[in-house]
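To keep things clear, I will list the structure first and then write my remarks on it.
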Amino acid sequence: MSLASLNPQQFQAATTIEGPLLIIAGAGSGKTGVITHRIAYMLEQGIAQSHILALTFTNKAADEMAHRIKKMTGRKLSNLTIATFHAFGVKVLREQARAIGYRDGFTIYDSSDRRDVIKESARELGMILEHEDLLDLEHLFGQIKSGMVDLATQSKGIIQLFQEYQEFLQLKNAFDFDDLVARPLELFRTHPEILQSYQQRYQYIMVDEFQDTSLQQYQLIQLLASAHANLCVVGDDDQSIYSWRGANYTNIQAFETDFPQRMEIKLERNYRSTGVILEAANALIANNTNRKEKELWTESTTAEASLQVRYLENDQAESEFICDTVRTLRVSEHRGYDHFGVLSRNNSLMDAIEEAFIRHDIPYRRSGGRSFFERKEIKDTIAYMRLADNPDDDIAFVRIINTPRRGVGKQSLATLREHSDDRKEALYYTAKRLLGWSDPPFPKPTIAGLTYFIDTMEQFRQRFTTNKEMARTAGDMMVALDYWGYLVREYPDNEKAAKWKYDNIFTFLGWFERWEKNPDNLEPKLSTYLTRIALAGRERSGDDEERAVSLMTIHAAKGLEFDVTFIAGVEDGILPSLRSLQEDEANMEEERRLFYVALTRAREKLFMTVCAQRKIQRELQICTPSPFLSELPSALIETEEQAPTPEDVERVAMSVFTMFKDNS
DNA sequence: CAAAGCGCGATTTTT
DNA sequence: TCGCGCTTTG
């Protein structure tokens with residue numbers, strides 16, 4: 001490796017490895033390079049891999065970091081821990097499950113599973129929940145678990161439901177997402193000897209995207225680092241965009257008080273964007289109060305640089321403009337598709353744009369959104385795998401017990417639940433037990449269906465533990481269950497849809513197989529893979545490295561960069577998001593940071609599009625430009641058309657009005 | 001008692 | 001527009 005490529009600040013950040021260190025790293029300041037160099041430098045200094053812990057925010061960032069260190073040092077990284085907070089929590093819990101009363105091989109419940117668990121718990125207590133209550137409870141339980149709300153302040157009913165919920169998880173040997181941070185923290189607090197063993201192991205700790213850590217995450221690393229105090233945190237308060245998930249950029253201030261002997265380094269030189277873009281971004285973010293003063297600068301100038309705002313009639317025109325521009329610039333400036341990125345505040349805006357990409361036959365990659373893993377057929381397949389791995393997983397059981405249909409409806413399920421409650425037994429085992437009776441309490445066809453289900457599952461559970469070809473086993477399982485027959489029956493006059501869904505299952509299993517057979521894979525177990533997809537959920541497994549335009553939310557784009565960047569829907573109510581502001585007016589600053597993150601993704605060219613009207617949830621809405629646009633120095637911005645005058649807005653409003661009149 | 005058929009509400013961001 | 005839950009049907 002060569003530290004020579006680093007500027008003085010970067011060099012100091014990379015080579016200061018003892019003691020607490022705070023690195024304030026502006027957008028595009030070569031942060032990832034510094035972190036990877038820093039770890040490589042540690043290894044070079046003879047620090048054992050096993051003593052280093054690097055925590056990141058996304059799986060993608062963790063993978064990327066490991067990849068770069070591997071390349072830089074040429075070493076095998078068998079013992080280096082680079083993980084997200086959640087993945088690290090899983091590691092600790094797998095090692096220590098027994099200390100908190102769990103058995104090995106637990107399951108991780110994602111947020112949609114959480115919904116189901118709340119429903120189950122409510123049913124158990126005889127409570128009736130409206131859909132809205134359910135959403136509120138999901139949110140509330142998350143806040144309680146992450147320590148933001150005190151359970152004791154809640155009503156009796158809620159306390160009862162929460163306790164039932166926790167009991168359910170424990171009984172089913174499952175953790176939810178919040179547990180993955182909260183439980184290890186609790187473990188460390190209550191078991192000093194366990195904490196000590198981890199402190200001894202992880203003597204050098206590094207945290208990326210520190211501005212996005214929650215209070216609990218901060219407390220966790222504080223505990224771990226308290227023995228050696230070799231803690232390096234890297235962050236940028238201007239890029240804190242996850243407060244809704246408990247992220248607390250005041251952790252940066254907390255770090256300053258908690259480690260008064262800390263060293264502080266600011267990286268303000270930007271290597272990514274051209275001057276125009278940077279100047280605009282600086283001007284925007286200066287409007288935020290309560291931030292650490294900093295000014296990004298660059299020496300980069302290029303003829304290709306530009307910052308444009310386009311005013312378009314509607315979302316259709318917006319999509320067309322983006323596609324046209326991509327195609328034109330690709331040819332005229334010889335840019336690969338993968339150098340283009342399209343960002344939006346929320347996922348739904350991307351639907352229209354994706355459609356246009358399909359129409360124009362432009363290769364694209366859309367991340368986030370209703371991902372592949374959220375398709376019913378994939379969720380079903382995963383549920384079968386989960387149940388094979390952990391028969392206690394009632395949520396998986398309920399999901400697939402009647403998929404394909406095998407005569408198990410509401411009544412049979414109620415019978416099963418009744419019998420399982422008595423013994424605190426998982427539904428799977430209850431079913432197995434009841435079928436052993438001389439006269440099982442189900443109708444004839446149900447008995448047949450259930451028997452086949454249990455027999456098949458038993459057989460494949462066996463095969464999963466003994467057979468090395470797990471993906472193949474899973475495929476055979478879906479065949480044995482006749483999932484194909486199910487799809488044909490569900491989509492009677494649409495065999496194409498059925499075929500498509502069936503193919504999806506095997507695409508998914510293909511990834512599984514690749515993972516399973518990867519020689520770098522240290523632990524090719526079913527439970528390991530299930531954990532992986534639970535944590536990585538929405539992220540596409542970056543298999544096809546084909547060049548494609550990236551379509552994503554601004555949140556998902558953090559840490560990435562594109563030569564040519566589009567920000568779609570730069571309109572009031574979208575950016576800033578109306579919902580976010582309704583929740584709390586103070587969110588304005590976070591929305592501004594979000595826009596700041598979007599701006600700073602661009603290297604050379606940045607296009608922002610504003611529509612006069614757009615269809616939101618099937619309804620045509622009149623749009624006005626985002627107030628943030630007026631915070632950008634107008635001298636920097638090129639526009640082809642004039643910004644719409646109030647008369648324009650009125651005209652569009654009238655035309656929409658008459659359209660509605662005609663329709664009714 | 002399970003399966004097919006109809007109506008209603010949903011979408012901010014993600015580990 | 002689609003998935004989910006409720007109602008009717010067989």
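Heavy atoms only: backbone and side chains are in, while hydrogens, waters and symmetry mates are out. Chain A is the first sequence line, chain B the second, and so forth, proteins listed ahead of strands; every chain is numbered from 1.
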Note to self: With a 4.0 Å limit, can you tell me whether A:T553 has a side-chain N or O closer than that to the phosphate oxygens OP1/OP2 of B:dT14?
What the structure shows: yes

Next item on the list: Tell me, please, whether A:Y109 has A:K172 positioned over its six-membered ring: NZ or CZ under 6.0 Å from the ring centre and within 45 degrees of its axis?
Entry: no

Notebook entry, point to check: Under 4.0 Å: is that the gap between some side-chain N or O of A:R579 and OP1 or OP2 of B:dT12?
Noted result: yes

Item checked: Backbone of A:K60 reached by a side-chain donor or acceptor of A:D63 within 3.5 Å -> no

Note to self: Side-chain N or O of A:N402 versus OP1/OP2 of B:dA3: is the shortest distance under 4.0 Å?
What the structure shows: yes

Margin query: Without decimals, in angstroms, what is the distance between A:H86 NE2 and B:dT14 C1'?
Written below: 9 Å

Check: Counting side-chain heavy atoms from CB outward, which of B:dT12, B:dA3, B:dT15 is closest to A:R405?
Finding: B:dA3

Check: Ignoring hydrogens and geometry, is there a side-chain-to-backbone donor-acceptor pair from A:D421 to A:E418 under 3.5 Å?
Finding: no

Next item on the list: Please determine, for the side chain of A:P443, which listed nucleotide (B:dC1, B:dT14, B:dT12) has the closest atom?
Entry: B:dC1

Next item on the list: Determine: side-chain N/O of A:N59 to OP1/OP2 of B:dT15, distance under 4.0 Å, yes or no.
Entry: no

Check: B:dT12 phosphate, OP1 or OP2: any side-chain N/O from A:R245 under 4.0 angstrom?
Finding: no

Item checked: Under 3.5 Å: donor-acceptor pair, side chain of A:S577, backbone of A:I574 -> no

Notebook entry, point to check: How many angstroms lie between atom OG1 of A:T58 and atom CD of A:E209, to the nearest 0.5 angstrom?
Noted result: 7.5 Å

Check: Which nucleotide in the set B:dT12, B:dT13, B:dA4 lies at the smallest distance from any side-chain heavy atom of A:N347?
Finding: B:dT13

Notebook entry, point to check: Checking all strands, does A:F57 fall into the base, sugar-phosphate, or nothing category for heavy-atom contacts under 4.0 angstrom?
Noted result: sugar-phosphate

Check: Expressed in angstrom and rounded to an integer, what is the separation of A:M588 atom CE from B:dT13 atom C1'?
Finding: 17 Å

Next item on the list: Could you check how far CZ of A:R345 sits from P of B:dT11, rounded to whole Å?
Entry: 15 Å

Check: Would A:Y483 and A:Y502 count as a close aromatic pair, with their ring centres under 6.0 Å?
Finding: no

Margin query: Going by centres under 5.5 angstrom and planes under 30 degrees, do the aromatic ring of A:W244 and the base ring of B:dT13 stack?
Written below: yes

Next item on the list: List the protein contact pattern of nucleotides 3-10 of chain C with one symbol per nucleotide (5' to 3'): B for base contact, S for sugar-phosphate-only contact, - for none; contact means a heavy-atom distance under 4.0 Å.
Entry: --S-----

Next item on the list: Send over the distance from A:K60 NZ to B:dT14 P, rounded to a whole Å.
Entry: 10 Å

Check: Rounded to whole angstroms, how far apart are CZ on A:F442 and P on B:dC1?
Finding: 12 Å

Check: Do A:T531 and A:F106 come within less than 4.5 Å of each other through their side chains, counting heavy atoms only?
Finding: no

Next item on the list: Write down the distance between CD (A:Q217) and C1' (B:dT14), rounded to a whole number of angstrom.
Entry: 12 Å

Notebook entry, point to check: Would you call A:K558 and A:D236 a salt bridge, using N to O less than 4.0 angstrom?
Noted result: no

Next item on the list: Please measure how far the C1' atom in C:dC2 lies from the corresponding atom in B:dT13, and state the result in whole Å.
Entry: 22 Å

Note to self: Using only atom types and a distance under 3.5 Å, with no angle test, would you say the side chain of A:N402 pairs donor to acceptor with the backbone of A:G409?
What the structure shows: no

Note to self: Heavy atoms only, 4.0 Å cut-off, all strands: where does A:D110 land among base, sugar-phosphate and nothing?
What the structure shows: nothing

Notebook entry, point to check: Any cation-pi pair here, A:R405 with A:Y486, using under 6.0 Å and within 45°?
Noted result: no

Notebook entry, point to check: Within less than 4.0 Å of OP1 or OP2 of B:dT12, is there a side-chain N or O belonging to A:S348?
Noted result: no

Check: Base, sugar-phosphate, or nothing: which does A:S412 touch, judged by heavy atoms less than 4.0 Å apart?
Finding: sugar-phosphate

Checklist line | Whole-Å gap separating C1' (C:dT1) and NZ (A:K615) | finding: 10 Å

Check: So, the side chain of A:R291 versus the backbone of A:D237: is there a donor-acceptor pair under 3.5 Å, distance only?
Finding: no

Check: What is the distance from NZ of A:K444 to C1' of B:dA2, rounded to the nearest Å?
Finding: 17 Å

Next item on the list: Check DNA chain C for consecutive Watson-Crick or G-U pairs with both distances under 3.5 Å and list the runs of at least three as stems.
Entry: B:1-9 with C:2-10

